[in-house]
Amino acid sequence: MRVAELELDLEAFEGPLDLLLTLVLKEEIDLAEIDVAGIVLAFIEELLGRDRSENGADECELGESDLEACGEFLVLVSALLELKARLLFDDEAAELAELEPEEAAEELARRLAAYRRTKEAAAWLTSRLEQEQDRFFRLGPAPLRPPVSRPVAPHDPAALAAALRVLATPPQAVSLAHMALRYPPLEQFVQRFRSLLAGRSRFDFENELGELSRVEQAVAFLALLELGRLDEVAIKQAAPFAPIRVERRDTERSSAWTSARSA
Amino acid sequence: MDERPLRLITSSPLDALARTVEALLVVASAPLPLEDLAAAADDDVERVEAALRLVGERHSEGRSGIVLEHVAGGYAFRASREAAGACSRLFERPVQRSLSQAALETLAIVAYLGPCTRPEITRIRGVAAEATVANLLERGLIAEAGRDDAPGGAIRYRVTPLFERVFGLASLAELPRLDDFEGDAETIRERLHVVAAQRGA
Amino acid sequence: MDERPLRLITSSPLDALARTVEALLVVASAPLPLEDLAAAADDDVERVEAALRLVGERHSEGRSGIVLEHVAGGYAFRASREAAGACSRLFERPVQRSLSQAALETLAIVAYLGPCTRPEITRIRGVAAEATVANLLERGLIAEAGRDDAPGGAIRYRVTPLFERVFGLASLAELPRLDDFEGDAETIRERLHVVAAQRGA
């Protein structure tokens with residue numbers, strides 16, 4: 001299912017977590033049939049669009065905090081995709097499905113639950129605000145109050161130097177500023193995998209990750225799922241954490257693929 | 001309605017103290033904690049509490065346009081609710097423009113987890129918090145509360161007394177417990193497990 | 001003392017109007033002209049004047065700590081004279097305030113870099129500077145120092161003689177040397193901007 005078919009108004013969601021939470025809780029949507037990759041990309045597009053409209057047409061790069069939020073999100077969503085991917089595997093899927101969901105999925109559930117609580121707390125605040133609409137109080141000083149004197153205690157000038165040093169200390173977190181490319185386009189990996197399979201019939205996904213960063217790996221995985229969705233490849237994994245084998249789809253197996261998908 | 005409070009205010013020894021409390025509250029810029037009232041009135045806390053009860057009787061809904069309330073960790077006067085219409089013709093509500101969903105979620109995070117940093121808010125909400133935090137700062141609903149201990153630490157934020165006032169909270173302890181919202185963690189986990197198990201079914 | 005005002009406020013047709021006037025006056029942060037009171041109360045000026053007389057009787061010296069005052073700009077509440085001592089203890093607290101981290105950082109920027117604008121302070125600290133700058137201005141620790149050169153340039157701020165007194169400095173030349181920073185104010189400025197950019201602003 002493509003994003004367009006879902007008729008999701010992305011602007012109506014606060015962020016990818018909000019969207020995912022809605023999808024997860026919405027019983028009638030079968031996650032296995034959702035084009036999660038499409039949703040992620042659409043959301044990134046949406047963020048880019050927001051950035052463009054806020055900063056003018058010349059600046060359309062994602063802000064760094066956006067990037068970090070999305071990078072983390074991609075890693076988390078890959079856990080969800082992992083679950084989803086298992087539904088697309090043909091042979092081993094039944095066995096895999098019985099296994100404990102792994103840590104990453106657990107983390108995703110935890111994060112979604114934390115976000116859910118935040119939303120409920122926000123809803124509580126909203127209703128509170130409505131109840132309090134008829135409570136007026138003075139903002140600012142009283143009209144005829146006595147003059148105020150608020151003496152400031154003497155301070156050591158060393159405190160100024162210390163404050164400036166705080167401002168001159170770079171943050172600890174590794175800067176992502178060097179990632180000039182920001183998000184590698186999904187299409188880049190789709191093309192790469194296609195050309196790989198033009199030369200041979202299969203490859204191991206891990207072998208292609210090489211020097212890729214975590215975010216790039218996540219995008220590569222999305223590209224892989226996209227190819228699966230487009231029915232161009234078969235994705236196989238003998239056991240959890242075993243190498244993921246990608247095979248060029250041949251005609252004999254496409255019927256098995258179709259039945260596995262609709263199961 | 002009986003005239004007891006008024007007579008008390010003019011005849012018993014607590015009257016003068018009650019009038020002093022009224023005077024302090026009518027000129028104060030923010031809710032005054034009991035201790036500040038006692039210090040300014042130069043009297044002891046128990047007597048000031050008794051005086052506050054007198055003031056509260058005198059200034060309550062239906063009796064007066066001025067109403068005593070216990071809010072944001074202190075005592076303050078506000079307008080009676082029946083005068084809300086008249087007030088709205090002359091004054092802006094403290095939070096006139098409605099708060100966006102992003103602003104409310106951010107406020108909830110800062111109120112419950114504060115002091116907390118912008119990266120923490122971003123992590124919980126999954127989207128950049130920059131514009132929202134700037135907006136809440138400008139409205140005075142959150143304020144800076146030092147920096148994270150780490151070198152180059154991020155600025156931490158807390159909710160302000162204005163936040164408590166706007167939401168009519170005597171203190172942050174009046175917020176519902178976060179655990180009371182937790183019912184859904186299980187649902188989410190279950191849904192994820194259902195997805196994982198679907199193939200087997 | 002008779003109970004007439006109180007009975008009137010709870011029984012005559014003017015009561016509700018008097019309570020509305022009380023409510024408006026307790027929320028106002030400036031004296032309210034008669035016309036504004038009438039417009040807000042949605043009633044006519046004569047009736048509002050009558051209501052004001054009721055409010056004035058109820059809130060007068062000796063009867064209440066809240067006193068209605070007619071001043072140049074209109075009507076306002078003030079504290080009663082008998083509470084003057086308590087009010088001055090509230091407002092002229094000998095308690096000397098220490099400066100927040102936000103205030104210290106802002107003062108350090110302005111002191112070490114020389115006059116700078118609010119946008120620059122915001123950029124270096126990574127947080128909206130409005131509230132902090134307003135607070136420091138009000139306390140007299142910084143003052144305006146012309147505008148940025150650019151057309152329509154932002155206001156620049158410098159530290160004041162009071163700032164020097166608070167930090168025990170005879171002049172800005174006595175600011176602690178930053179041995180770990182090499183170079184002049186411009187070098188420091190550049191370094192602060194570089195770090196701010198890394199912090200992701």
Side-chain angles (χ1 to χ4, degrees), chain A residues 14-18 21 24-25 30-32 63 65-66 68-69 72-73 80 83-84 86-87 93-94 96-98 101 105-106 108-110 112-122 124-126 128-129 131-137 139-142 144-146 166 169-172 263, chain B residues 26-29 69 76-79 81 83-84 87-88 91-95 99 101-102 104-105 107-109 111-112 118-119 122-131 147 150-154 165-168 175-176 178 181-182 184-185 187-189 191-193 195-200:
Chain A
E14 277 302 310
L17 284 179
D18 193 16
L21 183 69
V24 168
L25 292 178
D30 186 347
L31 282 180
S65 49
D66 270 333
E68 264 176 80
E72 263 198 59
F73 169 69
L80 184 74
L83 291 173
K84 177 174 146 64
R86 288 177 184 186
L87 306 184
L96 288 174
E98 288 169 16
E106 193 55 35
L108 179 61
R110 202 186 59 73
L112 287 176
Y115 179 64
R116 176 77 173 168
R117 284 197 297 275
T118 300
K119 276 191 79 163
E120 289 188 10
W124 186 86
L125 288 177
T126 306
R128 184 85 186 185
L129 201 57
Q131 289 163 29
E132 302 301 333
Q133 280 299 303
D134 58 355
R135 251 180 72 252
F136 277 81
F137 51 88
L139 289 171
L144 303 177
R145 64 164 184 177
V166 165
T169 310
Q172 251 183 342
Chain B
V26 87
V27 290
S29 303
E69 67 174 351
F77 283 143
R78 62 166 170 82
R81 289 182 195 263
C87 289
S88 67
F91 308 109
E92 277 211 357
R93 286 200 170 76
V95 180
L99 291 163
Q101 180 65 19
L104 285 159
E105 287 179 13
L107 274 178
I109 292 168
Y112 278 100
R118 207 166 62 197
T122 299
R123 195 177 142 77
I124 293 173
R125 296 195 55 240
V127 281
E130 197 170 333
R147 282 185 184 267
R165 251 208 126 171
V166 162
F167 287 89
L175 289 170
L178 204 49
F181 293 135
E182 204 167 17
D184 287 278
T187 319
I188 293 164
R189 207 167 281 121
R191 278 294 290 160
L192 286 170
H193 288 202
V195 172
Q198 264 169 1
R199 187 61 185 83

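Keep in mind the model is a prediction, meaning the values are calculated, not measured.
Contact annotation: the side chain of Leu139(A) never approaches that of Phe91(B) to less than 4.5 Å [non-hydrogen atoms, C-beta and beyond]. Put simply, the side chain of Thr126(A) does not reach to within 4.5 Å of the side chain of Leu99(B), judged on heavy atoms.
In this structure, Arg125(B) CZ and Tyr115(A) OH are separated by 5.5 Å, a value rounded to the nearest 0.5 Å.
When heavy atoms are compared at a cutoff of 4.5 Å, Arg165(B) approaches chain A by way of both its backbone and its side chain. Of the atoms belonging to Tyr112(B), it is side-chain heavy atoms, and not backbone ones, that fall under 4.5 Å from chain A. With a 4.5 Å cut-off on non-hydrogen atoms, Leu125(A) touches chain B through its backbone and its side chain both. Contact of Ala28(B) with chain A is made through the backbone alone, with heavy-atom distances under 4.5 Å.
Under the 3.5 Å distance criterion, the side-chain polar atoms of Arg128(A) are matched with a main-chain donor or acceptor of Phe167(B).
Among Ala121(A), Pro141(A), Gly140(A), the residue with the largest count of heavy-atom pairs under 4.5 Å with chain B is Ala121(A). Listed options Pro119(B), Ala102(B), Ala154(B), Ala83(B) were ranked by heavy-atom pairs under 4.5 angstrom with chain A; first place goes to Ala102(B).
The side chain to side chain donor-acceptor pair (under 3.5 Å) search around Ser29(B) returns Arg145(A), not counting sequence neighbours. For Arg135(A), the side chain to side chain donor-acceptor pair (under 3.5 Å) criterion is met by Glu132(A), Glu69(B), not counting sequence neighbours.
Closest heavy-atom contact between Val27(B) and Leu144(A): CG1-O, 4.4 Å. Nearest heavy atoms, Leu178(B) versus Arg117(A): O-CD, 3.5 Å.
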Check: Between Val166(B) and Phe137(A), is a side-chain contact (heavy atoms from CB on, under 4.5 Å) present by the stated rule, with each step listed?
Finding: CA-CA 9 Å; Val166(B) 162; Phe137(A) 51 88; 4.2 Å; yes

